[in-house]
Each structure stands twice: as structure tokens, then as C-alpha cells.
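The next block holds one structure in the form of C-alpha cells; read it before the comments.
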Amino acid sequence: MTIDKTTGKGCAQSILSKVVARRLVDEGIAGKSISRRPNKLKCGAYHLLRVVNYGRASLYVKLEGEYGPRKKPLWAPSFLDAETWEHAVSQFQNSGSLDYNVEKYLLPEMEEYVQSFSEEELLSITRDFLIGQGVLDRPVSRRGQKTYYFNENEVYSMNEKSNPSPYPRRFRFGLFETIGETCFNMNVWRKAVARFKIGATLEECIRVFLATELEHHSPENLSPIDGLVQYIAPPAYERAPENRDKSTFDWVRITVGLPRYRFDSWDALRDEVKKYQKEIFRRVLQRLKDDRQFEKYGLPIQFLKVSNVTLLHDFSLEFIFEPKVQDKPCDGDGL
């Protein structure tokens, strides 16, 4: 079974890996040996794959020690058949977290279990996940000087002047994101956020998220650049605190969604972005030209320059534009 994390429902199904991981912990997997791996340097000997505790409440799969041919019973959960479990753990990655290995190798073997969850159950699980990740009282979107967030009552709210976060620096840089969680696609979340309505509850917004999916193209018609650029978010116009003139802006921030699921590492994605940097820039510039709000400012596009381009660790690309003095057209050489 393949779980499609380019959809909100697929992300919710992927979050089920945490439910399964917690059940494994409840049954006592911590500290247990779950698989044997042949020792290629010593005939007849084995390494044991164990689940060990690193830090506070963090479980990892670790290949430990060098053991002889004597075979002690391996630990196995009660809620899975032996064949499913053995096939999954035989693929578990050494030094990977338990959650990651369950998501990557065990959950795809549990199709009947995954399909048994109703939309209401997936909604509840996603809500618990988002709250656990700190979605409440933290900015989830910014447009100009307006900040959008879920308040402590789980209601989607808007703040025009003050920062809902107790840490001022987060007002500019602290948008909600899931750090280190491969079960959740932030690109799908950002697309869903654009459709959230002020006054809606977190559960109502999650329903929107579950129904959201990134654009799909037929594989035969999908060019490399179309496969790389998933979406280009609407431009966010920002002013410095001392700038009170609402008819101007100091920066334009544009985010490009990239396909996290297609790359094994951040470095691999970076190399692909470098290969197509000029075409990405061309598309971003066109997105800015087509934006109606940008037209209202009345500033010619050639009076903007790219001040910063950052490939973020959540697998998205962020462009920052700002007005310039010299009349020199924008180019993508700084990407």
C-alpha cells in the first residue's frame, strides 16, 4: 500500500503511524530486540536490531553489538501477524526513529487497518497531532500586517496590529510548521490554510485540510520543472514597523512549494533546485506580475530586486523581493 501524502487525507493516514508506534510502546517494545541482521564479516554471526531510548521519550532503532549464532526469541507485537511484522522490521533503518520506521515500512503493510479509519477518526487524530505540534496561539499565515492563527479556544482568528506570540521575533519568522515530521506535508497544509475562514473552528479547518490535494499531472505529461514546483503561494506584502504608509511595502515574500516526498534528503532537493533555478525564478516573477494587489501598488516590476532566496528545511523555497533605487531589471542569478 502507498499512502499519498500530497493529499490531506493521505497525511492524516500517515499520522496513524504515531498511533501504531504508541501501541508498540504500550506493548513493551522499548529495549527489546526485534530483528537479526547477518554479520557479513563473521560467518554464522548476527547483529541484533534493538529499540533503544535516546534522550527524553525518544525511541530509535539501533543495530547493536556482535552476537554469535545462538538465537534467542525476538520480540513481536500481539496485534500483528508474524509475517507482516517480520517483513516490515527486516527493512527498518538503523539509527532511524521508531516513528519514522513505522511510518516508512510498517504502516504500508497495514492497508486494512489504515482503510478502517473513518473521516471523523482521521479528523480527531489530525487535531491531536496539530495541537501536539503547537498549532494553537501561533501564526499559521501572514498577509501584509495581518496575522492569522488559532486561538486557545481553537478558533481561527486574525490579528491586525499585535503579535499573538509572546516572542516578538516569531511575528516575522515563527509561522507554524512541523519540524522533523515526515508524516505531514506542509505544502498541503499551506494550500489548505489559504481556504480557512475567520471564525471557523480547528476541526472545521481540518475538514478543509483533509479535502485538499496538490495538483496532480499525468506522469507522461509531467516535465521536470512541473514536478519540482508544486505551487507558488500568493505574494505576502510586508512593511517595516516604522512604515505607516499602507500604499507601500518594504518586502514581498513568496513561497514555492517543493515535493518533499520525491527526495531522500534536503541536499538532493537543493541540487535539483539549483538545476532549474532560472525557470523557478521566471515562474515566481510571473506570479508576482499577475497578482492584483501588486498591480494596485503601481510599482513597475523592474524596480524590484531579489534580496534573499532561501531553501528552507521544510522543503520549500522562499523568495524575498524589495524595492530598489537603480532601474535594473530583476534576474535570477542570486538564487
Side-chain angles (χ1 to χ4, degrees), residues 1-23 99-100 102-104 107-108 110-143 146-159 164-165 170 174-216 230-234 236 255 257-261 312 314-316:
M1 174 187 181
T2 300
I3 297 177
D4 183 6
K5 287 184 288 187
T6 65
T7 69
K9 182 178 180 180
C11 290
Q13 291 176 329
S14 189
I15 293 171
L16 289 174
S17 60
K18 295 189 174 296
V19 177
V20 176
R22 284 197 297 270
R23 190 168 178 182
D99 282 3
Y100 172 80
V102 169
E103 175 201 337
K104 182 85 172 170
L107 198 63
M110 304 172 64
E111 181 172 3
E112 185 175 344
Y113 171 82
V114 172
Q115 298 299 339
S116 70
F117 280 79
S118 67
E119 181 173 318
E120 292 301 316
E121 290 172 316
L122 292 176
L123 187 154
S124 178
I125 290 168
T126 304
R127 172 186 171 274
D128 292 343
F129 172 80
L130 290 171
I131 291 177
Q133 290 290 312
V135 75
L136 300 183
D137 288 324
R138 186 172 180 182
V140 298
S141 177
R142 285 190 309 270
R143 294 185 182 180
K146 297 178 181 179
T147 300
Y148 300 83
Y149 64 103
F150 290 98
N151 65 24
E152 60 183 6
N153 296 318
E154 301 182 26
V155 176
Y156 194 58
S157 308
M158 185 265 288
N159 193 309
S165 168
R170 286 190 179 181
L175 283 182
F176 168 76
E177 60 179 314
T178 56
I179 304 298
E181 293 290 354
T182 58
C183 65
F184 195 80
N185 189 334
M186 286 300 298
N187 292 336
V188 182
W189 171 256
R190 292 190 185 95
K191 185 174 181 179
V193 166
R195 299 165 58 200
F196 292 173
K197 303 296 184 182
I198 300 297
T201 65
L202 177 59
E203 288 192 356
E204 289 171 338
C205 291
I206 291 175
R207 291 188 190 280
V208 174
F209 171 71
L210 294 178
T212 299
E213 61 180 57
L214 302 179
E215 291 186 21
H216 287 74
Q230 299 286 289
Y231 72 90
I232 301 177
T255 301
L258 304 172
R260 177 174 188 157
Y261 61 93
L312 305 175
D314 67 352
F315 284 53
S316 64

What residues form a side chain to side chain contact (heavy atoms under 4.5 Å, CB included) with Ile179, not counting sequence neighbours?
Glu177
Within the structure provided, determine whether Val114 and Glu111 are in side-chain contact (heavy-atom separation under 4.5 Å).
no
Between the side chains of Thr182 and Glu103, is a donor N or O closer than 3.5 angstrom to an acceptor N or O?
yes
Residue set satisfying side chain to side chain donor-acceptor pair (under 3.5 Å) with Gln13, at least two apart, ordered chain then number -> none
Please tell me if the side chains of Val188 and Glu213 come closer than 4.5 Å, counting only heavy atoms from C-beta onward.
no
Donor-acceptor contact below 3.5 Å, side chain Ser17 vs main chain Ser14:
yes
For a 4.5 angstrom cut-off between non-hydrogen side-chain atoms, does Val20 reach Tyr113?
yes
Could you tell me which residues satisfy side chain to side chain contact (heavy atoms under 4.5 Å, CB included) with Glu120, sequence neighbours excluded, listed by chain and number?
Ser118, Arg207
Whether the Asn159 and Thr147 side chains hold a donor-acceptor pair (N or O, under 3.5 Å, no angle test) is what I'd like checked.
no
Give a yes or no on this: more than 12 heavy atoms of other residues, nucleotides or ligands lie within 6.0 Å of atom CD of Glu121.
yes
Please report the shortest heavy-atom distance between Thr7 and Asp4, naming the atom on each side.
OG1-O, 3.1 Å
Under 6.0 Å between ring centres, would you say that holds for Phe196 and Tyr148?
no
Sequence neighbours excluded, the answer for salt bridge (charged side-chain N to carboxylate O under 4.0 Å, His left out) partners of Lys18 is Asp99, Glu181
Heavy atoms, side chains only, cut-off 4.5 Å: are Thr126 and Phe209 in contact?
yes
Show the nearest heavy-atom pair for residues Leu202 and Leu136, with the distance to one decimal.
CD2-CD2, 4.4 Å
What is the minimum heavy-atom distance between Arg138 and Leu175, and which atoms define it?
NH2-O, 3.7 Å
With Gln115 via side chain to side chain donor-acceptor pair (under 3.5 Å) - residues at least two apart
none
Under the side chain to side chain donor-acceptor pair (under 3.5 Å) test, which residues partner Thr212, sequence neighbours left out?
Arg195
Between Tyr156 and Thr201, is a side chain to side chain contact (heavy atoms under 4.5 Å, CB included) present by the stated rule, with each step listed?
CA-CA 6 Å; Tyr156 194 58; Thr201 65; over 6 Å; no
Between Tyr149 and Asn151, is any pair of side-chain heavy atoms under 4.5 Å apart?
yes
